[in-house]
Amino acid sequence: MKRNRILAIALAALMLVTCCGLVATVSAEEGKIKIYFIPKNLGNPYFEALSSGFKDAIAELGEDKYEYIFTGPATAEATSQIEYVEAAVQNDADAIFIAANSNDALNGTFDDARDAGVPIYLINQDIPGSESHRDAAIMPVDFSTIGKAQIKLMAEQIGYEGEFAILSATTDAPDQNTWIELMKEVLANDEAYSKMTLVEVVYGDDQPEKSTIEMEALITKYPNLKGVIAPTTVGIAAACKVVQTRGLAEKIRVTGLGLPSEMKEFVMDGTCLGFQLWNPPYEGYLAVYLATAVKGGFKTEPGATFSAGKLGEYTILENGQILSLVDPMLYDITNIEEYAALF
Ligand code: RAM
């Protein structure tokens with residue numbers, strides 16, 4: 001009796017091993033392209049919008065040809081993504097797309113991944129100063145346009161004078177830090193903004209609660225505050241909520257980079273006069289086409305072009321970047337409903 005049970009267990013185990021072996025072989029034979037997208041952190045609707053672009057392209061190119069894994073840390077600390085990159089490499093990823101939380105904290109991890117044959121693509125941003133550690137970077141727009149565009153928008157909303165603050169994401173965020181530097185440059189060099197004063201840059205860590213607390217603290221600390229630029233979708237929504245709740249829209253103007261679906265209520269009721277962004281799903285869509293091209297032998301070298309379905313041809317720039325769009329778009333009462341329905 002006992003012996004029979006042992007035999008039965010052994011047989012079941014053997015079947016399981018054979019079966020799993022078979023599954024592994026089948027999926028390798030099918031040659032599925034395994035794509036990872038690691039956002040700064042999970043729980044931010046912005047990255048879900050970006051992720052929807054990956055899914056759109058996969059639906060177009062054939063669900064059976066891809067395995068798409070959207071995974072990442074709960075919070076956006078500099079090193080919180082390392083284990084996710086390592087796990088993707090262990091799991092034989094064909095391509096890793098990552099919105100890194102630091103300019104350089106992942107360099108060693110990226111080097112290890114690339115040594116193991118897994119290409120690393122930055123997405124939604126680059127890693128200034130560490131470009132040699134990645135294969136290419138899919139950008140939402142040309143970042144050099146953002147500083148000027150954001151300061152101009154703020155100026156128009158506060159009448160080109162007065163105190164304003166910046167509510168950012170994390171202190172290490174490569175994208176926000178690039179934009180903030182550009183904003184400071186514009187302020188320092190363009191006479192048009194000489195009567196505007198940047199009083200402080202605060203950090204809400206791309207967490208709604210922390211962003212709310214930072215916004216409230218700014219209002220208390222600077223009684224003459226006329227505006228806030230929040231170049232983060234989490235920050236701008238939190239700042240608008242504070243202004244809306246306190247009925248301060250006429251006194252403090254909030255602008256920045258927002259997600260239309262999260263900003264609709266604030267634009268519709270006049271809390272926010274206008275803000276900017278691009279088209280996050282385009283980035284994910286492009287990413288799938290890029291990974292597919294590379295799998296087919298395409299080399300991500302400057303000047304090389306590849307085709308991305310309905311978005312057309314894209315060229316890898318001299319600096320290894322691919323621009324989804326060039327300039328940011330303005331969202332206001334005239335178009336908010338249209339775009340809020342999309343992302
Ligand atoms: C937040 C993130 C993201 C940034 C947008 C504008 O969702 O910080 O990286 O691109 O805002």
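The first residue of the sequence shown is numbered 1, and numbering continues consecutively from there. We count ligands from 1, going down the list as the structure has it; atoms in each ligand are counted the same way.
With respect to the salt-bridge test (charged N to carboxylate O, under 4.0 angstrom), the residues D190 and K148 do not qualify. A salt bridge does not link K34 to D92: none of the charged nitrogens lies less than 4.0 Å from a carboxylate oxygen.
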At less than 3.5 Å, what protein N or O atoms come close to the N or O atoms of ligand 1? Include the distances to 0.1 Å.
residue	atom	partner	partner atom	Å
ligand 1	7 (O)	N44	ND2	2.9
ligand 1	7 (O)	T233	OG1	2.6
ligand 1	8 (O)	K40	NZ	2.9
ligand 1	8 (O)	Q176	NE2	2.9
ligand 1	8 (O)	D206	OD2	2.6
ligand 1	9 (O)	K40	NZ	3.0
ligand 1	9 (O)	N124	ND2	3.3
ligand 1	9 (O)	D175	OD2	2.7
ligand 1	10 (O)	N124	ND2	3.0
ligand 1	11 (O)	T233	N	3.0

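When N224, L225, I166 are each tested for a side-chain contact (heavy atoms from CB on, under 4.5 Å) with V199, only one passes: L225.
Residues passing the ring pair (Phe, Tyr, Trp, His ring centres under 6.0 Å) test with Y282: none are found, sequence neighbours excluded. The ring pair (Phe, Tyr, Trp, His ring centres under 6.0 Å) check on F70 picks up F37, with sequence neighbours excluded.
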Using atom types as modelled, flag every donor-acceptor pair under 3.5 Å from a side chain in residues 301-320 to any protein atom, sequence neighbours excluded.
residue	atom	partner	partner atom	Å
Y314	OH	S324	O	3.3
N319	OD1	Q321	N	3.0
N319	ND2	Q321	OE1	3.4

